[in-house]
Protein chains: 2
Amino acid sequence: MAATMHDVSRLAGVSVKTVSNVVNDYPYVREETRRRVLDAIATLGYTPNPTARSLRSGRSNVIALMIPDLRNAYFAELADSVMRVAAGHGLSVLIEQFGADRERELEVLRRPRSQLVDGVLYSVLALDQDDVDIVAGITVPVVLLGERIFNGPRDHVTMRNGEGARAATEHLLGLGRRRVVALGAHPGEEIGSAALRLAGYREALAAAGVPADDELVVPVGSWHRRDGADAMRGLLARGVDFDGVVAFNDVLALGALRVLQEAGLRVPEDVAVIGFDDIDETQYSMPALSTIDPGREEIARTAVELLVRRIEGGPAPFTPEEVFVPYRLIPRESTRITAG
Amino acid sequence: MAATMHDVSRLAGVSVKTVSNVVNDYPYVREETRRRVLDAIATLGYTPNPTARSLRSGRSNVIALMIPDLRNAYFAELADSVMRVAAGHGLSVLIEQFGADRERELEVLRRPRSQLVDGVLYSVLALDQDDVDIVAGITVPVVLLGERIFNGPRDHVTMRNGEGARAATEHLLGLGRRRVVALGAHPGEEIGSAALRLAGYREALAAAGVPADDELVVPVGSWHRRDGADAMRGLLARGVDFDGVVAFNDVLALGALRVLQEAGLRVPEDVAVIGFDDIDETQYSMPALSTIDPGREEIARTAVELLVRRIEGGPAPFTPEEVFVPYRLIPRESTRITAG
DNA sequence: ATGAAAGCGCTAACAC
DNA sequence: GTGTTAGCGCTTTCAT
């Protein structure tokens, strides 16, 4: 089995404390002693047991990232960013998915796994009161990514969803579009991203004096590519008249894009389309997709840093921080202004 | 702070052993005792400390998944599948990325983090002798996903990469294409997926009596969308004549697809394109992308199960298993047979 | 059926 | 500078 600190101390002829000192770069160790210890470590192939270290120190240097679904490119890219930033802080990342499988979600949270991690980054699209209770039961620091879900304040890092959706909608209105679809509404929801984006969309219409039409607000089950495609198929089947689409995320937009083109509609000439997230694919789709860049990198960086502060600050009283990361509208071919 | 087993035992008026018995569903506990303990657990909100449990039992119920890059949809989808299967075995998944950042890769592996996990699923595209040494240094069970990288045998789960590439190439040849590009070669490599896929491509040409042309073998730095786009741009700029593309993964194909269409070439009429991986996006691209489905779900399931067996089987001598998962060719629009 | 006690491998007082 | 020792919270013989 793996060598322990005792094995090393015995071989080096020193105490475990000295080995620990060397391993942890404690400065006051005689050079010669250090050498002897390092030699012993090398010959034994010793590597500290992180579990024991963790039990003793109360820190595991692992954080959890809880996301709905890695198959959605936005979350995969977010996870990538989070992991890179975390690595810079010496942290590993345990990813837990919160898919449609509610049982799994509850199981994940009820399990004591959350004590194995030093902190949690929790990214939710939409959730109900149950989730709130569960989150409240987590004893380690939690930073929310995306929309805040509690009524009370809570650390969270997000973009201004409402403003972003408003900007996207105004972008289409600025092109002269007047029948703009909002794709991706979550009817029951009041406080998540979908609700905020829908509100932003409505604000833009109102500000421009364009009449709102409920027929143009398209609900979807979830924010996957398939949902975007299905919703667009339904819209076309119902014969709804529209000349623009604000999709609440990129994969919804891309699913819709495909269906629009199958139906022989030209994008952006007949229908201009804009998404949300700025996933890698949007630069390469046909046509390239205009989108709102939510500042994913900065969200990840800020959130990890905030979490690290909380972890290191201990359970002392604190004021929750609400950080809004700047977003950018990225116009591409799917809303390119044309002569038409 | 969180309640411990001792707190529970005190409140319930029993010993810690009894609490442990109840927590671990040890059958021989008097019903009344069990009740008292469960009550105490409930009032204290006790939840076992996984770190202590792990130190004692030597098991953490966490496995690591080491992948090149979560931003590649294939790996995100693979991670998703792995996490679902792992959840079924009560395992959480720690994802470590092996991007282009070699420093990070080495750091990840050198760190003792690998002792925090019970096993490792290691998915590599291509790697050199250094990696072999590092992997050899991991003390927990390792199952390789994708191509085997050692000369000696080693547990691994993969598809038959050569056969898959050959089938893809034959599919294009069957359409009458004779100038078929192999997109995604990794020149130096001898043993990874790229090498095997290239060999399969060459076999197909040879079997069909179609002359091989080195100009049609296109190397790329990595297998990202951008690389596919850049490589295709280069190919067009060099004026190379071709009527088909076998891309070694889907995102390469999708990047190329974009550039082909930008250049005014029709897919599949002028150039037929087929990829590898069957990522979700391929069903929705314009045109929908033909691809090789490597059996991702089954790879994930098989690999996790194999790893679990190794973990439970202990370090006893064993015969490494090499599991080949069946692949399927999925024809879509990008190779749809047309009148032309 | 339950309790006492050892110890997993490490860190951190506290001595010297 | 370095050694001794007491736990971190749990599981697990070994008793009873």
Side-chain angles (χ1 to χ4, degrees), chain A residues 1-38 40-41 44-62 111-118 139-140 314, chain B residues 1-38 40-41 44-62 111-118 139-140 314:
Chain A
M1 285 272 91
T4 77
M5 218 169 226
H6 271 96
D7 301 331
V8 176
S9 73
R10 211 169 305 130
L11 180 59
V14 298
S15 75
V16 285
K17 174 62 162 74
T18 303
V19 179
S20 178
N21 284 342
V22 171
V23 168
N24 294 297
D25 293 321
Y26 181 71
Y28 306 113
V29 178
R30 230 188 326 152
E31 203 39 57
E32 196 232 311
T33 314
R34 180 188 304 279
R35 168 115 354 166
R36 275 225 309 288
V37 171
L38 289 176
I41 287 176
L44 292 174
Y46 166 77
T47 141
N49 179 321
T51 307
R53 187 175 261 182
S54 180
L55 177 60
R56 184 62 235 222
S57 65
R59 293 271 312 257
S60 63
N61 291 318
V62 177
R111 287 267 205 125
R113 199 86 64 200
S114 49
Q115 285 183 23
L116 191 148
V117 299
D118 295 336
T139 52
V140 292
Chain B
M1 284 273 92
T4 78
M5 221 169 223
H6 271 96
D7 301 332
V8 176
S9 72
R10 211 169 304 131
L11 180 57
V14 298
S15 76
V16 285
K17 174 61 162 72
T18 303
V19 178
S20 176
N21 284 342
V22 170
V23 168
N24 295 297
D25 292 322
Y26 181 72
Y28 306 114
V29 178
R30 231 188 324 153
E31 203 38 58
E32 195 231 312
T33 314
R34 180 190 305 281
R35 166 113 354 157
R36 274 225 311 286
V37 170
L38 289 176
I41 286 177
L44 292 175
Y46 167 76
T47 141
N49 179 321
T51 307
R53 185 174 262 184
S54 180
L55 176 60
R56 187 58 236 221
S57 66
R59 292 270 315 256
S60 63
N61 291 318
V62 177
R111 288 269 206 124
R113 199 86 66 201
S114 48
Q115 285 182 24
L116 191 147
V117 300
D118 295 337
T139 53
V140 292

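Labels below follow one simple rule: chain letters A, B, ... track the order of the sequence lines, proteins then strands, and each chain is numbered from 1.
The line from CG of B:Asp7 to CD1 of B:Ile41 is 11.5 Å long, rounded to the nearest 0.5 Å. Atom-to-atom distance recorded for A:Thr18:OG1 and A:Tyr26:OH is 10.0 Å, nearest 0.5 angstrom. With rounding to the nearest 0.5 angstrom, the CZ atom of B:Arg53 is 11.5 Å from the CG atom of A:Leu116. Here B:Leu44 contributes atom CG and B:Arg10 contributes atom CZ; the two are 9.5 Å apart, rounded to the nearest 0.5 Å. Between atom NZ of residue B:Lys17 and atom CE of residue B:Met5 there is a gap of 10.0 Å, rounded to the nearest 0.5 Å.
Between A:Arg34 and A:Glu31 there is a salt bridge, since at least one side-chain N of the basic residue sits less than 4.0 Å from a carboxylate O of the acidic one.
Using a 4.5 Å heavy-atom cutoff, the side chains of A:Val14 and A:Val19 are in contact.
Of the options A:Asp118, A:Leu55, A:Thr51, a side-chain contact (heavy atoms from CB on, under 4.5 Å) to A:Ser60 is made by A:Asp118 and by none of the others.
Put simply, B:Thr33 has a side-chain N or O that comes within less than 4.0 Å of OP1 or OP2 on C:dT2. The side chain of A:Thr18 places no N or O atom within less than 4.0 Å of a non-bridging phosphate oxygen (OP1 or OP2) of D:dT2.
Note: CZ (A:Arg34) to C1' (D:dT2) measures 13 Å, nearest angstrom. Put simply, CZ on A:Arg30 is 13 Å from C1' on D:dG3, counting in whole angstrom units. Regarding A:Arg59, its CZ atom lies at a distance of 18 Å from the P atom of C:dC10, rounded to whole Å. Summarising the geometry, the separation between OH on A:Tyr26 and P on D:dG1 is reported as 9 Å, rounded to the nearest angstrom. In this entry the distance linking CG of A:Asp25 with P of C:dT11 reads 12 Å, nearest Å.
One axis for each end of the helix from C:dA1-D:dT16 to C:dC16-D:dG1, each built from five base pairs, and the angle between them comes to 40° at 10° resolution.
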Checklist entry - Which letter, B, S or -, goes with each nucleotide of nucleotides 8-16 of chain D from 5' to 3', with contact meaning a protein heavy atom under 4.0 Å? => result BBBBBB---
